[in-house]
Q: 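Provided herewith is a single structure, encoded as structure tokens, for subsequent inquiry.
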Amino acid sequence: MDILFYTFFFILLMWILISIVVWSYKTGISPMPTAPAVNKALFANISFLNLTEGKIYELGAGWGTLAFPLAREYPSHKIIGYEISFFPYVYCLIRQHFSHLRNLQFSRQNFFHPSLKDAALVVCYLYPGAMRKLKEKFEKELKPGSHVISNTFAIPGWTPYDTWIANDLYQTKIYVYRIPGSMPLKKTLAK
């Protein structure tokens, strides 16, 4: 009986690992959790953003290390986490079921497809190639006054109006952008 249990557990573990590797290969990034020091720096400063009405999106929610705290921090905002990798997505759904956070939703789809027009805030921890692709999407869809926060990777061609530094070994940078109202995004954002 024990050998059957361990065999099943090993096969399940291998299936999860292979699935994560395959989705990481397809998307170009693995579902990495946000480091605790980065979370701490982000939530120590996020209240200064004075978010407008709208939804908060986490692009590439991974294991939900930002989506769940965001849902608790902003109970009046709808939080939507996009995660395409199967097991992290399922993990987030299970965790959400037990958290009872009514303003939190996860979607298993490519975040390049849905519109971000109603965003007050977009949060992401991706990779340089994704940030290049998202730049165009942000410029087309985000409304004036909305914010973008990017962990580690800057948006090419944009100047953040603020940069928060995490108190970790790497002094990780968190780039903060605000979509201007009267200035085209192709120019540098004002600080």
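The model shown is predicted, which means the values in this text are computed figures rather than measured ones. Along the sequence shown, residues carry numbers from 1.
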Q: Quick one: does any side-chain atom of Glu83 pair with a main-chain N or O of Gly62 as donor and acceptor, under 3.5 Å?
A: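 Checking the backbone N and O of Gly62 against the side chain of Glu83, a donor-acceptor pair under 3.5 Å is found.
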Q: Is there a side-chain contact between Glu136 and Phe112 in this structure, where contact means two heavy atoms from C-beta onward sitting under 4.5 Å apart?
A: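 Result no, sub-4.5 Å side-chain heavy-atom pair not found.
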Q: Going by heavy atoms in the side chains, are Leu126 and Phe153 under 4.5 Å from each other?
A: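 SC-SC contact between Leu126 and Phe153 ruled out.
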Q: Is there a donor-acceptor pair under 3.5 Å between the side chain of Tyr175 and the backbone N or O of Trp164?
A: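 No; zero donor-acceptor contacts below 3.5 Å.
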Q: Using 30° and 60° as the class boundaries, would you call the ring planes of Tyr91 and Trp63 parallel, tilted or perpendicular?
A: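 It falls in the perpendicular class, over 60°.
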Q: Which heavy atom of Cys92 sits nearest to which heavy atom of Phe68, and what is that distance?
A: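 Taking Cys92 first and Phe68 second, the nearest heavy atoms are O-CZ, 3.6 Å.
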Q: Just how far is it from atom NZ of Lys137 to atom NE2 of His113, taken to the nearest 0.5 Å?
A: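 Lys137 NZ to His113 NE2: 9.0 Å, rounded to 0.5 Å.
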Q: Return the orientation label for the Tyr74 and His77 ring planes: parallel under 30°, perpendicular over 60°, tilted otherwise.
A: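 Perpendicular: the ring planes of Tyr74 and His77 meet at over 60°.
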Q: Hey, are the side chains of Phe43 and Val38 touching, using non-hydrogen atoms and a 4.5 Å cut-off?
A: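 Phe43 vs Val38: side chains apart.
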Q: Drop me the distance from Thr34's OG1 to Leu42's CG, to the nearest 0.5 angstrom.
A: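 One finds 8.0 Å between OG1 of Thr34 and CG of Leu42.
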Q: How far does CD1 of Ile46 sit from CG of Leu51, to the nearest 0.5 angstrom?
A: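 Reported to 0.5 Å precision, the distance equals 6.5 Å.
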Q: Kindly compute the distance separating NZ (Lys143) from CG (Leu116), expressed to the nearest 0.5 Å.
A: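 Output value for this atom pair is 10.5 Å.
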Q: Heavy atoms only: give me the nearest Pro156-Arg132 pair and the separation to one decimal.
A: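 Looking at all heavy atoms of both residues, the closest pair is CG-CG, 3.4 Å.
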Q: Is there side-chain contact between Leu49 and Val176, with heavy atoms separated by less than 4.5 Å?
A: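 Answer yes - side chains close enough.
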Q: Is the Lys NZ or Arg CZ of Arg108 less than 6.0 Å from the centre of Tyr82's six-membered ring, within 45° of the axis?
A: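 No cation-pi geometry.
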Q: Return the minimal non-hydrogen interatomic distance between Asp168 and Ala37, and the atom names on each side.
A: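 Looks like CB-CB, 3.7 Å.
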Q: Hey, does Ile56 have a side-chain heavy atom less than 4.5 Å from the side chain of Ile80?
A: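 They are not in contact (no side-chain heavy atoms under 4.5 Å apart), so the answer is no.
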Q: Examine distances only and state if a side-chain atom of Asn39 and a backbone atom of Thr65 form a donor-acceptor pair shorter than 3.5 Å.
A: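 Answer holds: yes.
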Q: With side chains defined as the heavy atoms from C-beta onward, is the minimum distance between Met131 and Cys124 less than 4.5 Å?
A: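 Yes, their side chains come closer than 4.5 Å.
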Q: Please check: side-chain N/O of Gln96 versus main-chain N/O of Leu104, any donor-acceptor pairing under 3.5 Å?
A: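 Yes.
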Q: Check whether any side-chain N or O of Asn167 sits under 3.5 Å from a backbone N or O of Ala41 as a donor-acceptor pair, and report yes or no.
A: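 Checking the backbone N and O of Ala41 against the side chain of Asn167, no donor-acceptor pair under 3.5 Å is found.
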